[in-house]
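Heavy-atom basis, side chains included; hydrogens, waters and symmetry copies ignored. Here is the naming used below: chain letters follow the sequence lines, and residue numbers restart at 1 for every chain.
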Protein chains: 2
Amino acid sequence: MSSPAQRRTTIKDVAEMAGVGVATVSRVLSGGSASAETRERVLDAATKLDYRPSALGRNLRQQRSGGIALLVPDITDNFYARLADGVLSCARSYREPVTIGVTGDDPEQEADLVGSLLEQSMDRVIAVPSGDGEMWAPALRAGLSVVFADRRVWRDPAPGQQRVLDEVPAVLADDRAGVRTAVEYLTGLGHRKIGFLARHGQTQRTRAFRTAMGELLDEELVVPARASRDSAYAAASGLFQRRPDITAVLTGDNMLGEAAVLAARELDVRIPRDLSLVMFDDVPWAELCSPPLTVVAQPAQDIGYRAAELVMRQGRRPKTVMLPTQLIIRGSCGPRR
Amino acid sequence: MSSPAQRRTTIKDVAEMAGVGVATVSRVLSGGSASAETRERVLDAATKLDYRPSALGRNLRQQRSGGIALLVPDITDNFYARLADGVLSCARSYREPVTIGVTGDDPEQEADLVGSLLEQSMDRVIAVPSGDGEMWAPALRAGLSVVFADRRVWRDPAPGQQRVLDEVPAVLADDRAGVRTAVEYLTGLGHRKIGFLARHGQTQRTRAFRTAMGELLDEELVVPARASRDSAYAAASGLFQRRPDITAVLTGDNMLGEAAVLAARELDVRIPRDLSLVMFDDVPWAELCSPPLTVVAQPAQDIGYRAAELVMRQGRRPKTVMLPTQLIIRGSCGPRR
DNA sequence: AATTCTGATGGAATCGTTTCCATGAGCAGT
DNA sequence: ACTGCTCATGGAAACGATTCCATCAGAATT
């Protein structure tokens, strides 16, 4: 039924054909020293046999499987998909495979995934963290090198752990500046009652919003949502009904933006006439909406790419990389009526 | 600098602690036969030492690394992201890691990726194939079990290879029915001059369109595009300018749908007044468009899930699985003016 | 000429698991 | 009591690479 399952050609075959020892073959192939003549004979035999070193053997010996693991909350979210694409594209240039896991923004699932990563002896992880310090500290101690992307862990009860987590490099979009720019743009248009829809875990953005609003802040206009479409819609719809006096809203991500557009349409709130909308993250459909959505664009692909670069350069661990956001003005904001 | 790098606990440690041989530990842990008393002692030691078998050792021994590889053209495309999500969710229940590669719809990159898969001794692949039979036959001969998703390979010059490729299971959306339903819907509204925007590689859908149109078919209204945003836009814009007499258009995927919406807006073609639009694939933003887009929905997540199920059940290889599509009528189609 | 040094080379150990095989104990059937 | 049978069990081989270490030849130094 199945194929005759031809035996793989191993390093031994190459050694035999070239008339040298396996050690020499290994050295030649991994750039060690060898005489020109030997090198040629080995290379010749290798190509002739179409030899490809088995990653399995290498991995076992080196006690670590190559490759990069990537943990994202939701791969169907365009932002994380672009982030993943960035990781993939950098990893490709290193010829490293990428294993992807989705956490659903759930610390428990995340812990579970990290566990199976360790089982696989993966030692390079890029994560959009959902869990807190308590969850990541053991992983670090287990020897894997982690880079955070898009978020970093914030809550951290035990004092000893803070240090180890500060050592974790992170690649972030400049949330603070992004939020500030958006808020300033809206206040510049005359808006005073500005809502903020944020997902749990978007601590940085929420904090930045509070700061940027200053004395205009109305705590009742800051509504949290869980990481699901339903929860996002409920948050948006609830806010619009509870406080029909708001004239502008900023959403912490594109799912909440989608929810806001839908809820506004449902409640017959016109954008931008009745409500100005700024959404975090410039997804392709932002331009297709009518009106096209004004957004705070994040370099999602770059975030992924840079994170992958960082996780590959194990040696020197640079500080956090902060990438700029950009306010892209389209048609979803108008002056306060 | 880095952690003290504590040695991993191995099966040997467990054997020692339980006072048995390593073979016995292995048997107990993988469900072999053992006396009740021994089993308990081993299990006890294993939990006490927090032992997790190293996937590396196992993989080398079994000559295959576990896990599933997934090859998609573009992970930022919502359709493939949902497909990937389905694979991920099935794989999780088997506790199998998933390695993702993007092919960019380029046979060369695809071949490259398959090569590195073999290097990793991956033997389970789910692929949205870009290359033809010549490219996949060697991979099959090398012993990996492949499941195609969304597409299957069609062109196949050598007669001997046809058979082996027919043996590859595939999980597909019912393109033919989907296209037929859409075309019937449009003709039912009175449309006669219907355009079709398709990407290269969407052979099945193109063929189905030709069949469904019957004698209404105008070959000039069938325009191919390459797999890029620019090419998609050029195709849509070109069609609309060249043939202002068309009253309806069907797009072969969501990127072309996006391009059609944009091009129509740019050329001041109103939807649905001047042009009715049906798009393949129900992406979330289809509902956000105005008017909301009428679409042929595909069960992307299911396709991925089923493909993963198939690739896990190595034994019996079922025939092709065909999943239904569904026409979701929203607001982008109107009667012919 | 004797010595030291350098660089190439191959044998063998090693990584952690699974699995083959031999051993021995216990038990039932004759 | 002897044979045959079924189990549980542990030792050891195997997987395929890397790398330590010893060896050896030839060149350079004394």
Side-chain angles (χ1 to χ4, degrees), chain A residues 5-43 45-46 49-67 95 116 118-123 142-143, chain B residues 5-43 45-46 49-67 95 116 118-123 142-143:
Chain A
Q6 50 196 351
R7 203 177 58 82
R8 202 190 161 101
T9 69
T10 73
I11 198 172
K12 215 168 158 186
D13 302 322
V14 178
E16 207 163 308
M17 180 167 196
V20 299
V22 289
T24 306
V25 176
S26 174
R27 263 186 305 252
V28 168
L29 261 36
S30 49
S33 68
S35 75
E37 194 223 335
T38 311
R39 157 161 291 121
E40 189 174 349
R41 275 224 312 281
V42 169
L43 257 29
L49 292 172
D50 188 33
Y51 167 67
R52 315 215 176 204
S54 152
L56 259 38
R58 190 202 336 261
N59 288 348
L60 178 57
R61 175 59 223 241
Q62 327 216 81
Q63 292 282 72
R64 57 195 218 78
S65 77
R95 311 209 92 246
S116 68
L118 290 180
E119 211 159 299
Q120 304 285 330
S121 300
M122 288 248 164
D123 60 349
Chain B
Q6 49 196 350
R7 205 177 57 81
R8 207 192 157 99
T9 70
T10 75
I11 198 174
K12 216 170 159 187
D13 301 323
V14 178
E16 208 163 308
M17 181 166 193
V20 298
V22 290
T24 305
V25 176
S26 174
R27 262 186 306 253
V28 168
L29 261 34
S30 48
S33 67
S35 76
E37 195 226 333
T38 310
R39 157 163 290 120
E40 189 175 348
R41 276 224 313 283
V42 169
L43 256 29
L49 292 172
D50 188 34
Y51 168 67
R52 323 256 215 129
S54 151
L56 259 36
R58 184 197 344 252
N59 289 347
L60 177 56
R61 174 61 223 245
Q62 325 215 83
Q63 291 283 72
R64 57 195 219 74
S65 77
R95 309 208 95 243
S116 66
L118 291 179
E119 212 158 297
Q120 305 284 330
S121 300
M122 287 248 162
D123 58 350

**Q.** Point-to-point distance, once rounded to the nearest 0.5 Å, from OG of B:Ser65 to CG of B:Leu56
**A.** 9.5 Å

Q | Between CG on residue A:Leu29 and CD1 on residue A:Ile11, distance to nearest 0.5 Å | A | 7.0 Å

Compare side-chain N and O positions of [X] against OP1 and OP2 of [N] and report whether any pair is under 4.0 Å apart.
X: B:Ser33; N: D:dA8; value: yes
X: A:Ser35; N: C:dG7; value: no
X: B:Thr38; N: D:dT9; value: yes

Q: State, to the nearest 10°, the angle formed by the axis through the first five base pairs of the helix from C:dA1-D:dT30 to C:dT30-D:dA1 and the axis through its last five.
A: 50°

Q.
Contact between A:Arg8 and B:Ser121 at the side-chain level, heavy atoms closer than 4.5 Å - yes or no?
A.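 Answer yes - side chains close enough.
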
(Q) In the structure I gave you, are the side-chain heavy atoms of A:Met17 and A:Leu49 within less than 4.5 Å of one another anywhere? (A) yes

Q | A:Val42 versus A:Ala18, closest heavy-atom pair with distance | A |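 Scanning both residues completely, I find the closest heavy atoms to be CA-CB, 4.0 Å.
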
Q: Sort and list the pairs that fulfil salt bridge (charged side-chain N to carboxylate O under 4.0 Å, His left out) and have at least one residue in residues 18-38 of chain A, not counting sequence neighbours.
A: A:Glu37-A:Arg41

Q. For the side chain of A:Ser30 and the backbone of A:Ser26, is there at least one donor-acceptor N/O pair under 3.5 Å apart?
A. yes

Q | Side-chain donor or acceptor of A:Ser116 paired with backbone N/O of A:Glu119 under 3.5 Å | A |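 No, because the side chain of A:Ser116 does not come within donor-acceptor range (under 3.5 Å) of the backbone of A:Glu119.
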
**Q.** Base versus backbone protein contacts along nucleotides 14-28 of chain D [heavy-atom cut-off under 4.0 Å; B, S, -]
**A.** BBBBBB---------

Q | Spacing between A:Leu118 atom CG and C:dG16 atom P, to the nearest angstrom | A | 15 Å

(Q) In this structure, how many angstroms lie between the C1' atom of C:dT19 and the CZ atom of B:Arg64, rounded? (A)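 After rounding, the reported distance stands at 15 Å.
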
